[in-house]
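See below for the structure under consideration.
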There are 2 protein chains.
Amino acid sequence: MDSDSLPPAPRPPSRGASTRQSRQRGLSQAAIIDAALDIIDREGLDALTMRTVAHALGTGPASLYAHVGSKEQLIELVVERVIGEVHFIGEPDPARWEEQLKETAHEMRRVFASHGDLARASFGRIPVGENAMRGAESMMAVLRAGGLSDRVTALAVDLLSLYVMGIAYEDGLARGTEPEQFVDFIAELRSYFESLPADRFPNFVSLAEQLTSGDENTRFEFGLEVLIRGLEAVSKNEA
Amino acid sequence: MDSDSLPPAPRPPSRGASTRQSRQRGLSQAAIIDAALDIIDREGLDALTMRTVAHALGTGPASLYAHVGSKEQLIELVVERVIGEVHFIGEPDPARWEEQLKETAHEMRRVFASHGDLARASFGRIPVGENAMRGAESMMAVLRAGGLSDRVTALAVDLLSLYVMGIAYEDGLARGTEPEQFVDFIAELRSYFESLPADRFPNFVSLAEQLTSGDENTRFEFGLEVLIRGLEAVSKNEA
DNA sequence: ACCTGAACACCGTTCAAGT
DNA sequence: ACCTGAACACCGTTCAAGT
């Protein structure tokens, strides 16, 4: 997974301070990231606290600040680490760019789905870590191999990431509530839609089933299909 | 803006408690929502605190709980109120469904852009308030007028909302930092991309300008175009 | 019924002091 | 250089007590 390190990336304004390194004297940045990710996996993002992380490592919260600039930066590091778990396309195939893009999207969703509601914290960040950069590089390679212009490629990588992380964000929220409770809520929602006054809400009434029946996978698949077909259309139009 | 009230909507699992009404004895739910929105507009979502809201109204935080179940619910009420500012399409025109969808998307973005980073709190919520429902109803009417199937309409209203709110979320983050700082960061980012090792990051290097030049409006417009062209394609395919 | 002060159980972060 | 305890300046929410 490792490779030659990159020059230092610019940091987005007003995020945490810079990182210091420790040379394995009990605590280390890696151990802190591990502990943080473990908490997110098992108890979700809200349970992630400088205090809970410290506790898991047998210290107090103040000790973490020798290895991590802030809680904000710790989350950034966790996200970057998790992006490292995503398998991006290594060899772009011009004939299969749509499939390869879908594969990548599925991979990203799968990985974030395996880490609680971490996607919530990841959303809206401009990721400049090594793993995130490699991922974007791979997506751009696939898009260009598919014949998309420079302009469309640059916009598309952004759009696709927004979509996938948005879905992952919502996935995480749904996972935050008990599955049974969630099913109940959807059922309640359906009968609520059906009970609406038909003169003012004709579409809610007649689409009540459609609106509450699709599972999250078909929603995801649909959006992906729309985006890729849309990219094809926009790209064709440009030429 | 008001109309006959709807039957009580189901509440998503594990959000705030139910609302009590006060009859204008100094404090009221409306006044609390006003104060909260005002704080968000001027200082952003992070400045919204039960304490800051209470302070703006000349009381202590405990007093708010007679009118609002929780902070979570207060935010929900603020979001619902803000959605009320969006002008949705009243008369769907079958010949102009794409334009009408774009108009609605622009309206939503415009309204949320005028309320700090509120979109961040709105994202991922299933909105069941009256205003939100009317908005979704209007979008579905436009989609169906455009000839989209029930299935595609139901999925599309969801997809479009996800996109617009995702963009609005990012808008809000960008607005959180000083404009000058943000420009500097983008410039830094560009030279960082350009300085990357070309053997491992050929696309970042050659697309450095494209990746850092588009302003937020062109990004938004591009995604909207892709989505709508994609919906056309998917819809044609279905028939 | 509404409002309040005080308190509870938390936060992230700093800082002087230790090694 | 790293680690720590204690403290600072906050949170959301509860609850007994007031009117």
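FYI, side chains are in, hydrogens and waters are out, and symmetry mates aren't considered; it's all heavy atoms of this structure. Order of the sequence lines fixes the chain letters, A, B, ..., with proteins taken first and strands second; residue numbering starts at 1 for each chain.
- In this structure A/Asp46 satisfies the salt bridge (Lys or Arg N to Asp or Glu O under 4.0 Å) test together with A/Arg120, sequence neighbours excluded.
- In the region residues 43-60 of chain B, proximity to DNA chain C at under 4.0 angstrom, judged on heavy atoms, holds for B/Arg51, B/Thr59.
- Remark: A/Arg109 qualifies as a cation-pi partner of A/Phe220 under the 6.0 Å distance and 45° angle criteria applied to the six-membered ring.
- The separation between A/Tyr65 atom OH and C/dT13 atom C1' is 5 Å, rounded to whole Å.
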## Note on the structure
A correct dot-bracket answer for DNA chain D, with pairs being Watson-Crick or G-U at under 3.5 Å, [ ] for crossing pairs and | for inter-strand pairs, is ||.|||||...|||||.||

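- Dashed line: the shortest gap from a side-chain N or O of B/His67 to OP1 or OP2 of C/dC3 is under 4.0 Å.
- A/Lys71 places its NZ atom 12 Å from the C1' atom of D/dC11, with the value rounded to the nearest Å.
- Legend: residues meeting salt bridge (Lys or Arg N to Asp or Glu O under 4.0 Å) with A/Glu137, ordered by chain and number and at least two apart, are absent.
- Counting to the nearest Å, the P atom of D/dG12 and the CD atom of B/Gln73 are 15 Å from each other.
- In this structure, B/Phe123 has its ring center under 6.0 Å from that of A/Phe123.
- Closest to the B/Pro61 side chain, of the nucleotides D/dT13, C/dG12, C/dG5, is D/dT13.
- The structure places OG of B/Ser114 at 7.0 Å from CG of B/Asp41, a figure rounded to the nearest 0.5 Å.
- The CG atom of B/Leu64 sits 10 Å away from the P atom of C/dT4 (whole-angstrom rounding).
- In this structure, the salt bridge (Lys or Arg N to Asp or Glu O under 4.0 Å) partners of A/Glu107, at least two apart in sequence or on a different chain, are A/Arg110.
- When the salt bridge (Lys or Arg N to Asp or Glu O under 4.0 Å) test is applied to B/Glu209, no partner is found at least two apart in sequence or on another chain.
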### Query
So B/Arg219 and B/Asp215, salt bridge (charged side-chain N to carboxylate O under 4.0 Å, His left out) or not? Walk me through it.
CA-CA 7 Å; B/Arg219 279 184 55 216; B/Asp215 70 310; over 6 Å; no

